[in-house]
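Here's the structure, in structure tokens; my notes come after.
Labels below follow one simple rule: chain letters A, B, ... track the order of the sequence lines, proteins then strands, and each chain is numbered from 1. Values below: every heavy atom of this structure, side chains too, minus hydrogens, waters and symmetry copies. Here the structure is a predicted model, which is why all the values come from computation and not from measurement.
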Amino acid sequence: MNIKQLFKFGLILMLICALAAGALAYVYAKTKPVIEERKIEAEKEAIQSIFPQAAEVKIIIAGKENYKVVFDKDQQELGVAMKAAPIGYGGPIEILVGVTKEGQVSAIKIMNQNETPGLGTKTAEPKFYEQFAGKKDKELALKKDGGAIEAITAATISSRAVTKGVQEAVDKVLKFYEGQRANESQK
Amino acid sequence: MSLKNDFLSGIIKENPVLVLMIGLCPTLAVSSTAVNGFGMGIAASFVLVCSNIVIAMVRKWTPDQIRIPIFIIIISTFVTLTDYVMQAYYPALYKQLGVFVPLIVVNCIILGRAEAFAYKNGVLSSTLDGFGMGLGFTLVITVIGAIRELIGNGTIFGKVVFNPEFQPALIMILPPGGFITIGLLMAFLHYFQNKAKEK
């Protein structure tokens, strides 16, 4: 291969790469705002599903975490929408937990999971996740661990993971409210 | 006649999955339900047709020595474009297929057809080849998905088929079910092809 050929090949590759990059940049710029909008919409929908009366969300940063505090249309505080990602059988299970001021679960929603099809994926079915509504403290554990949540047959690891995630989310929210109260009394 | 052949050969005679045995990886991974299989088939077919057209167009200026990097740039560009467009305008489909879209880039059917067909044939033939191969791939992956979903979950395209007492054979929607189904389908196809030859 001589030098001349080398330059020719380099030039051709560069041309094709430049064309590809141009096309990608164009489509990326066109689709990005739409994609962002979809993400925001999806999150709104998710919050709506755990707090049906939700009308407004305020993000409060405390420590390292972002807390999404949810209000209804009369500015009444409903609670906090907390994300959790406990490790299940097939990687993290992303859940959104609605927690009230009193540390009670309003509802949970499984956002993303990678569990065994037909077994662990049943955590995303209403029959399982609706059990969490209205539960608090010690109830947030599987029945076989002394709590009030019925595990899915043959998917104890997934069920336990979700339960643990919810529990941790509740703990975090309770701590957050404690912190808020402490702040207020200082003022 | 030969144009018709370009289109038809991909469907049965040279079916990419069952006869050429390329693109097995996505076929096994995404065929746990009929809907997933169909979506993956359509998305991969779209990329295949586009890349076949572009490669047939640029083949005259493509030096032999650097054709593979050029193919790969073209294919990955189309995959990324598909990813963005799907994410923006077909969110429901993207939710189902999102994780599989980047996998299209490693689907050897696309690089295989670029190398074996589009690089040596005109734009029209290559387009038809893309459609035929895409259809063959979609057909097979959907059928495998339907079989696995039916036996492994008791549903087809998400609709319940059997009565509630039906105990689904879970193995069919787990990875082994993919191997079993694909092997049986290959055996059937070859059996009928051999029989046709004897006559």
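- At least one side-chain heavy atom of A:Gln131 sits under 4.5 Å from a side-chain heavy atom of A:Glu150.
- Contact of the A:Pro86 side chain with the A:Glu168 side chain is not registered, since no non-hydrogen atoms from C-beta on lie closer than 4.5 Å.
- Listed in order of number, the residues of residues 44-51 of chain B that approach chain A to under 4.5 Å between heavy atoms amount to none.
- Atom CD1 of B:Ile42 sits about 10.5 Å away from atom CZ of B:Phe137, to the nearest 0.5 Å.
- Across B:Ile70, B:Val85, B:Ile66, the residue that shares the most heavy-atom pairs under 4.5 angstrom with chain A is B:Ile66.
- Proximity to chain A (any heavy atom under 4.5 Å) is shown, for B:Tyr89, by both the backbone and the side chain.
- B:Phe192 and B:Phe188 have parallel rings, their planes meeting at less than 30° on a 0 to 90° scale where 60° marks the start of perpendicular.
- A distance-only check finds no donor-acceptor pair linking the side chain of B:Thr33 to the backbone of B:Glu149 [under 3.5 Å].
- Looking at heavy atoms from C-beta onward, A:Val80 lies in side-chain contact with A:Tyr177 at the 4.5 angstrom threshold.
- Looking at B:Arg148 and B:Ile144, their side chains come closer than 4.5 Å, going by heavy atoms from C-beta outward.
- Identified by a heavy-atom distance below 4.5 Å to chain A, the contributing residues of residues 53-64 of chain B are B:Trp61, B:Pro63, in residue-number order.
- Residue contact with chain B, scored on non-hydrogen atoms closer than 4.5 Å, involves the side chain of A:Ile12 exclusively.
- With hydrogens and angles disregarded, a donor-acceptor distance shorter than 3.5 Å links the side chain of B:Asn121 to the backbone of B:Phe117.
- The shortest side-chain heavy-atom distance between B:Ile110 and B:Phe78 does not fall under the 4.5 Å cut-off.
- Side-chain atoms of A:Ser159 come within 3.5 Å of backbone N or O of A:Ile152 as a donor-acceptor pair.
- With ring centers used as reference points, A:Tyr28 lies under 6.0 Å from B:Tyr84.
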